[in-house]
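Below is one structure, written out as structure tokens; comments come after it.
Protein chains get the first letters and strands the later ones, always in sequence-line order, with residue 1 at the start of each.
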2 protein chains.
Amino acid sequence: MNRAERPTYHHGNLRAAALERAAQLAANGGSGALSLRALARELGVSPAALYRHFAHKDALLDELAGRALAALEVALREALDREASADPAARLAALGRGYLAFARAHPDAFRIVFELRRNALADAQQAEPYTLLLRAVGALAPPGAEDARVQRAALAAWAFVHGLAALESQQAWRGAIASVADDLLRDYAIALRGSYPA
Amino acid sequence: MNRAERPTYHHGNLRAAALERAAQLAANGGSGALSLRALARELGVSPAALYRHFAHKDALLDELAGRALAALEVALREALDREASADPAARLAALGRGYLAFARAHPDAFRIVFELRRNALADAQQAEPYTLLLRAVGALAPPGAEDARVQRAALAAWAFVHGLAALESQQAWRGAIASVADDLLRDYAIALRGSYPA
DNA sequence: ACCTGAACACCGTTCAAGT
DNA sequence: ACCTGAACACCGTTCAAGT
């Protein structure tokens with residue numbers, strides 16, 4: 001009845017509505033459980049309608065992954081903003097805590113981005129999350145440090161925190177990791193700083 | 001015609017045949033593409049027949065995960081056997097290289113074990129791969145080191161190598177990680193040894 | 001341009017019935 | 001005890017047809 005409550009999909013907002021609802025559906029029930037037909041049902045639209053806006057299911061999932069990656073970036077920036085200390089090691093550890101907190105709070109989004117198989121991170125090396133990490137690791141190095149060495153260290157740091165997040169997402173390891181994660185992140189950052197010759 | 005070529009599933013080997021064929025199907029096409037109906041078709045059996053041996057699809061997948069974990073253990077032991085050096089840091093690095101090599105050679109098996117969502121690793125902390133790692137990390141510590149500290153270090157080391165494997169499984173990162181992985185593993189092992197007070 | 005209806009070739013799972 | 005046949009409620013995707 002009300003124009004505002006019953007948006008006219010004929011005017012170009014089915015795509016946006018689909019993405020928003022898909023993210024919600026993935027949040028409950030897991031991203032694997034997301035079906036286009038169920039999504040269409042929720043939106044009061046025929047299954048075929050979605051194919052005007054997404055070439056196939058994976059195209060929708062890729063779009064979702066892109067948005068999740070952007071959300072991760074925001075979360076990481078906020079984690080840095082919340083860290084009062086200017087100490088580079090403390091800031092790097094804060095970044096790691098932000099990463100883990102995001103993976104805990106949005107396991108579905110985390111899964112969609114890092115699912116072991118899709119290549120959603122096509123240009124991930126230019127992606128903001130990596131840039132943030134690179135900067136944080138760079139701040140830990142002395143002024144003259146070689147770029148290649150800083151990049152290697154950033155890669156290693158990502159692998160470490162990502163591994164923590166991935167293992168924590170496994171039932172069997174959740175507790176064991178979660179209880180020591182903050183300490184491990186702090187130790188890692190301090191050890192990394194120590195690895196540069198004084 | 002030949003009894004040996006046409007095994008009689010009525011005598012209890014459908015279960016074994018199903019697991020073997022399922023692993024092959026997962027190896028091509030990805031573990032996500034494995035369907036019970038396709039599996040039954042391959043085995044020349046009705047779809048319902050599989051339900052005499054597996055309560056549901058996930059039960060078969062769990063069994064597959066258990067076997068993959070056992071295969072990982074074998075691969076890790078072989079990696080240790082291949083490492084001639086007795087230096088604990090070199091042996092820990094060899095273990096890491098073995099982990100990465102397994103993930104590269106059997107991406108499907110790796111995925112089935114560590115898929116970000118299932119809890120296949122129900123008792124992973126007693127699992128052999130973790131025990132091997134714990135031992136390798138322990139060998140790096142001085143005799144009097146506290147157990148809790150060694151366990152934390154083993155957890156961190158697993159997270160690190162697992163993160164490398166997970167990122168490497170992503171198209172976008174494969175090259176960047178693969179080219180420095182061996183160096184990173186060696187540096188990690190050396191740094192870990194250095195982290196213990198002399 | 002955007003959506004519907006109906007169809008195709010699949011799924012996982014259940015259950016009566018066969019041997 | 002182990003398997004088949006047939007059914008149920010789903011999938012993703014395509015394509016003609018409607019507005």
Side-chain angles (χ1 to χ4, degrees), chain A residues 3-26 28-65 108 111-112 115 117-120, chain B residues 3-26 28-65 108 111-112 115 117-120:
Chain A
R3 263 265 195 75
E5 287 178 16
R6 188 103 159 60
T8 160
Y9 292 148
H10 290 262
H11 289 202
N13 49 358
L14 174 54
R15 180 187 176 80
L19 285 169
E20 193 184 350
R21 201 83 193 80
Q24 290 171 15
L25 288 179
N28 336 353
S31 59
L34 192 152
S35 96
L36 290 188
R37 292 188 96 109
L39 178 58
R41 229 177 286 135
E42 294 266 348
L43 295 165
V45 110
S46 95
L50 293 170
Y51 285 83
R52 286 289 136 188
H53 301 280
F54 306 96
H56 37 249
K57 188 183 181 182
D58 264 8
L60 189 153
L61 254 34
D62 283 349
E63 190 105 18
L64 240 38
D108 50 297
R111 247 185 267 119
I112 287 176
E115 205 82 66
R117 119 171 177 269
R118 51 193 314 106
N119 56 343
Chain B
R3 260 268 195 71
E5 288 177 17
R6 186 102 161 61
T8 158
Y9 292 147
H10 290 261
H11 290 200
N13 50 356
L14 174 54
R15 180 186 176 81
L19 284 169
E20 193 185 348
R21 202 82 193 83
Q24 290 171 17
L25 288 180
N28 334 352
S31 60
L34 192 151
S35 94
L36 290 188
R37 292 188 96 109
L39 178 58
R41 229 176 288 134
E42 294 266 346
L43 295 166
V45 108
S46 95
L50 293 170
Y51 285 84
R52 284 292 134 186
H53 301 279
F54 306 96
H56 38 248
K57 189 184 180 182
D58 263 9
L60 189 154
L61 254 34
D62 283 349
E63 190 105 16
L64 241 36
D108 50 296
R111 245 183 268 121
I112 287 176
E115 205 81 66
R117 121 177 178 262
R118 51 193 311 107
N119 55 340

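Salt bridge annotation for E63(A)-R15(A): present, with a cationic side-chain nitrogen under 4.0 angstrom from a carboxylate oxygen.
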What are the atom names and distances for every N/O pair under 3.5 Å that joins the protein to nucleotides 8-12 of chain C?
from: dC11(C); atom 1: OP1; to: S35(B); atom 2: OG; distance (Å): 3.3
from: dC11(C); atom 1: OP1; to: R41(B); atom 2: NH2; distance (Å): 3.1
from: dC11(C); atom 1: OP2; to: R41(B); atom 2: NH2; distance (Å): 2.5
from: dC11(C); atom 1: O5'; to: S35(B); atom 2: OG; distance (Å): 3.3
from: dG12(C); atom 1: OP1; to: L36(B); atom 2: N; distance (Å): 2.8
from: dG12(C); atom 1: OP1; to: K57(B); atom 2: NZ; distance (Å): 3.4
from: dG12(C); atom 1: OP2; to: L36(B); atom 2: N; distance (Å): 3.0
from: dG12(C); atom 1: OP2; to: R37(B); atom 2: N; distance (Å): 3.0
from: dG12(C); atom 1: N7; to: R37(B); atom 2: NH1; distance (Å): 2.7
from: dG12(C); atom 1: O6; to: R37(B); atom 2: NH1; distance (Å): 2.6

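Put simply, CZ on R52(B) is 10 Å from P on dA1(D), counting in whole angstrom units. One can place CZ of F54(B) at 14 Å from C1' of dC2(D), the figure rounded to the nearest angstrom.
For the atom pair L36(A) CG and L61(A) CG, the distance stands at 8.5 Å (nearest 0.5 Å).
N28(B) places none of its side-chain heavy atoms less than 4.5 Å from the side chain of D108(B).
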side-chain contact (heavy atoms from CB on, under 4.5 Å) between V45(A) and L39(A), intermediate numbers included: CA-CA 9 Å; V45(A) 110; L39(A) 178 58; over 6 Å; no
Could you give me the CA-CA distance, side-chain angles and deciding distance for F54(B) and L19(B), then say whether side-chain contact (heavy atoms from CB on, under 4.5 Å) is met? CA-CA 10 Å; F54(B) 306 96; L19(B) 284 169; 3.9 Å; yes
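Look at dC15(C): its Watson-Crick or wobble partner, with both distances under 3.5 angstrom, is dG5(D).
In the set dG5(C), dC2(D), dG5(D), the nucleotide with an atom closest to the side chain of S46(A) is dG5(C).
Under the rule for a side-chain contact (heavy atoms from CB on, under 4.5 Å), the partners of E42(A) that lie at least two apart in sequence or sit in another chain are R21(A), L25(A).
Applying the 4.0 Å criterion to OP1 and OP2 of dA1(D), one finds that H53(B) has every side-chain N and O outside that range.
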